[in-house]
Student: 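Once you've had a glance at the structure underneath, I'll fire off some questions.
All values derive from a computational prediction rather than experimental measurement. All residue numbers refer to positions in the sequence shown, counting from 1.
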Amino acid sequence: MKPSQLEYILTTLDDFEVPDITLEQYATTPHIASYIFQQIEDHYDGIAGKVVADLGCGCGTLALGAELSGAGFCVGFEIDENTIKIANRNKKDLGCDNVDFIQCDVLELRNHTRWHKVFDTVIMNPPFGTKWNEGIHLQFLEAAFSLARRTVYSLHKTSTDKKIQKLAEQWGVKMNAIYEVKYNLDKSYKFHKENSKDISVTVFKFDIPEEIKSL
């Protein structure tokens, strides 16, 4: 599927009805999502025919985008019950039969759950870690490393790259920055003073080495 076509389809998805700031609920924009899948398809073998997980899937943009990009099967994990309902509605509207959405706390997936090493690929846009959730983006990465057999693709604030590199080294995971993008956050909460704000975000690719794929 062409990126422009995927982007258009993703613009039709329903978004958060009442976003929860404590969960840092910001939707992945269709433009960024379609570009991520284009990069993965053009340069890496990470989606087509693969079993894919989306951690903190929100309304399903990345999970559904993966299915539309040729994934064999996708599972989106999300803690918020109302958001899961929206994701399932989007799934039905698109007719994406190879996607399931599961309500759970992503942080619990860091343990050896039944999902341990089930997925070829994890792709996610985790919470960036505000004053309410400092460090949560690193905890999401730990969950991703636990679930993925091969590769993790994840979006993070560019300013946190040194902390992410340190975590990758602790896990023995190879990290590469695929590209940097300006993430435009529209005014979503009452305390936001600006109508929109650009944040520098980097998409990182993490390769899981053979020696820890079964850990």
Side-chain angles (χ1 to χ4, degrees), residues 1 6-7 9-10 13-16 19-20 23-41 44 46-94 96-110 113-128 136-156 178 183 201 203-206 208:
M1 181 179 293
L6 177 60
E7 181 176 351
I9 292 174
L10 295 179
L13 301 181
D14 289 339
D15 202 349
F16 298 104
D20 185 341
L23 298 177
E24 296 189 56
Q25 290 182 331
Y26 297 96
T28 306
T29 66
H31 178 71
I32 289 177
S34 61
Y35 189 75
I36 289 173
F37 288 115
Q38 179 190 20
Q39 292 298 305
I40 296 174
E41 181 178 354
Y44 313 101
I47 299 296
K50 302 297 189 297
V51 181
V52 178
D54 175 9
L55 306 189
C57 65
C59 299
T61 298
L62 291 178
L64 295 168
E67 205 264 26
L68 294 169
S69 299
F73 192 77
C74 306
V75 179
F77 298 91
E78 168 62 42
I79 195 171
D80 185 50
E81 181 180 3
N82 290 328
T83 301
I84 286 285
K85 292 178 180 178
I86 299 172
N88 277 313
R89 190 165 68 231
N90 286 330
K91 167 187 170 178
K92 182 178 179 181
D93 290 345
L94 294 184
C96 291
D97 296 329
N98 293 325
V99 179
D100 278 344
F101 293 107
I102 296 175
Q103 183 185 1
C104 76
D105 185 345
V106 167
L107 301 188
E108 294 180 357
L109 299 176
R110 292 178 295 173
T113 67
R114 68 189 183 96
W115 301 104
H116 183 69
K117 298 302 175 187
V118 165
F119 300 95
D120 299 305
T121 302
V122 173
I123 182 168
M124 64 179 184
N125 180 13
F128 288 157
I136 195 170
H137 63 297
L138 300 177
Q139 295 173 312
F140 265 65
L141 273 177
E142 290 178 342
F145 295 160
S146 179
L147 268 59
R149 291 197 300 262
R150 297 181 54 189
T151 314
V152 174
Y153 299 90
S154 189
L155 286 78
H156 298 269
I178 298 178
Y183 198 122
V201 174
V203 180
F204 292 100
K205 176 177 181 282
F206 302 89
I208 310 299

Student: Decide yes or no for Ile36 and Leu155: does some side-chain heavy atom of the first lie under 4.5 Å from some side-chain heavy atom of the second?
Tutor: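 Side-chain contact under 4.5 Å: yes.
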Student: Quick check against the 3.5 Å criterion: does Gln103 have a side-chain atom that pairs as donor or acceptor with the backbone of Ile79?
Tutor: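 It does hold such a pair.
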Student: Looking at side-chain heavy atoms only, is the closest gap between Thr61 and Asn125 below 4.5 Å?
Tutor: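 A side-chain contact under 4.5 Å is absent here.
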Student: Determine the minimum heavy-atom distance between Arg114 and Val118, stating which atoms define it.
Tutor: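 Heavy atoms of Arg114 and Val118 come nearest at O-CG2, 3.4 Å.
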Student: How would you list, by chain and number, every residue that makes a ring pair (Phe, Tyr, Trp, His ring centres under 6.0 Å) with Phe73, sequence neighbours excluded?
Tutor: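 Testing Phe73 for ring pair (Phe, Tyr, Trp, His ring centres under 6.0 Å), a comparison that skips the adjacent residues, returns none.
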Student: Once rounded to the nearest 0.5 Å, what's the spacing between atom CG of Asp14 and atom CG of Asn88?
Tutor: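 Between Asp14 CG and Asn88 CG, I get 12.0 Å after rounding to 0.5 Å.
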Student: CZ/Arg89 to SG/Cys59 distance, rounded to the nearest 0.5 angstrom?
Tutor: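 Nearest 0.5 Å value for the CZ-SG distance: 8.0 Å.
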Student: Which heavy atom in Cys96 sits nearest to a heavy atom in Leu68, and how many Å separate them?
Tutor: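 Looking at all heavy atoms of both residues, the closest pair is SG-CD2, 4.0 Å.
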Student: Apply side chain to side chain contact (heavy atoms under 4.5 Å, CB included) to residues Ser146 and Arg110 and explain how you reach the verdict.
Tutor: CA-CA 6 Å; Ser146 179; Arg110 292 178 295 173; 5.5 Å; no
Student: For the pair Lys117 (side chain) and Ala148 (backbone), establish whether a donor and an acceptor sit closer than 3.5 Å, ignoring hydrogens and angles.
Tutor: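 Present.
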Student: Keeping Lys205 on the side-chain end and Ser154 on the backbone end, is there a donor-acceptor pair under 3.5 Å?
Tutor: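 The answer is no, because no donor-acceptor pair under 3.5 Å joins these two groups.
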Student: Work out which heavy atom in Tyr44 is nearest to a heavy atom in Gln39; give both atom names and the distance.
Tutor: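 The answer is CD1-O, 3.8 Å.
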Student: To the nearest 0.5 angstrom, please state how far the CD1 atom of Ile208 sits from the CG atom of Leu147.
Tutor: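 Here the interatomic distance stands at 10.5 Å.
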Student: Which heavy atom in Ala66 sits nearest to a heavy atom in Val52, and how many Å separate them?
Tutor: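 Distance-wise, the nearest heavy atoms are CB-CG1, 4.2 Å.
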Student: Could you tell me which non-hydrogen atom of Phe101 sits nearest to which non-hydrogen atom of Ala63, and how far apart they are?
Tutor: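 Taking every non-hydrogen atom into account, CE2-CB, 3.9 Å.
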Student: Evaluate the side-chain proximity of Ile40 to Ile123: yes if any heavy-atom separation is below 4.5 Å, no if none is.
Tutor: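 Yes - at least one pair of side-chain heavy atoms lies under 4.5 Å apart.
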Student: Which residue pairs pass the salt bridge (charged side-chain N to carboxylate O under 4.0 Å, His left out) test with at least one member in residues 54-73, sequence neighbours excluded?
Tutor: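 Salt bridge (charged side-chain N to carboxylate O under 4.0 Å, His left out) check on residues 54-73 returns no pairs.
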Student: When rounded to the nearest 0.5 angstrom, what distance separates CE in Met124 from NE2 in His156?
Tutor: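 It comes to 5.0 Å.
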Student: Determine the minimum heavy-atom distance between Val99 and Lys91, stating which atoms define it.
Tutor: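 Closest approach of Val99 to Lys91: O-NZ, 2.6 Å.
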Student: Should Val203 and Tyr35 be marked as a side chain to side chain contact (heavy atoms under 4.5 Å, CB included) after you check the CA-CA gap, both sets of side-chain angles, and the distance that decides it?
Tutor: CA-CA 11 Å; Val203 180; Tyr35 189 75; over 6 Å; no
Student: Is there a donor-acceptor pair under 3.5 Å between the side chain of Thr121 and the backbone N or O of Gly46?
Tutor: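 Yes; judged by distance alone, with no hydrogens or angles, the pair exists.
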Student: In the structure I gave you, are the side-chain heavy atoms of Asn98 and Cys74 within less than 4.5 Å of one another anywhere?
Tutor: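 Contact flag for Asn98/Cys74 side chains = no.
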Student: Going through the checks in order, is the side chain to side chain contact (heavy atoms under 4.5 Å, CB included) test met by Val75 and Phe119?
Tutor: CA-CA 9 Å; Val75 179; Phe119 300 95; 3.9 Å; yes
Student: Quick one, Leu94 and Leu13 - any side-chain contact, counting heavy atoms below 4.5 Å?
Tutor: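 In contact.
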Student: Give, for atom CD of Glu7 and atom CD1 of Ile32, the distance between the pair rounded to the nearest 0.5 Å.
Tutor: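 One finds 10.0 Å between CD of Glu7 and CD1 of Ile32.
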Student: Could you tell me which residues satisfy side chain to side chain donor-acceptor pair (under 3.5 Å) with Asp120, sequence neighbours excluded, listed by chain and number?
Tutor: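 Asp120 satisfies side chain to side chain donor-acceptor pair (under 3.5 Å) with Arg149 only.
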Student: Out of curiosity, Asp80 CG to Asp105 CG, how far, rounded to the nearest 0.5 Å?
Tutor: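 Nearest 0.5 Å value for the CG-CG distance: 12.0 Å.
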Student: Do Leu109 and Trp115 come within less than 4.5 Å of each other through their side chains, counting heavy atoms only?
Tutor: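 SC-SC contact between Leu109 and Trp115 confirmed.
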Student: Could you tell me if the side chain of Phe204 sits less than 4.5 Å from the side chain of Leu141, heavy atoms only?
Tutor: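 Sidechains of Phe204 and Leu141: no contact.
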Student: Starting from the C-alpha separation in whole Å, work towards a yes-or-no answer on side chain to side chain contact (heavy atoms under 4.5 Å, CB included) for Leu107 and Glu142.
Tutor: CA-CA 8 Å; Leu107 301 188; Glu142 290 178 342; over 6 Å; no
Student: Side chains of Lys50 and Thr151: does their closest heavy-atom pair fall under 4.5 Å?
Tutor: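 With C-beta onward as the side chain, the pair stays apart.
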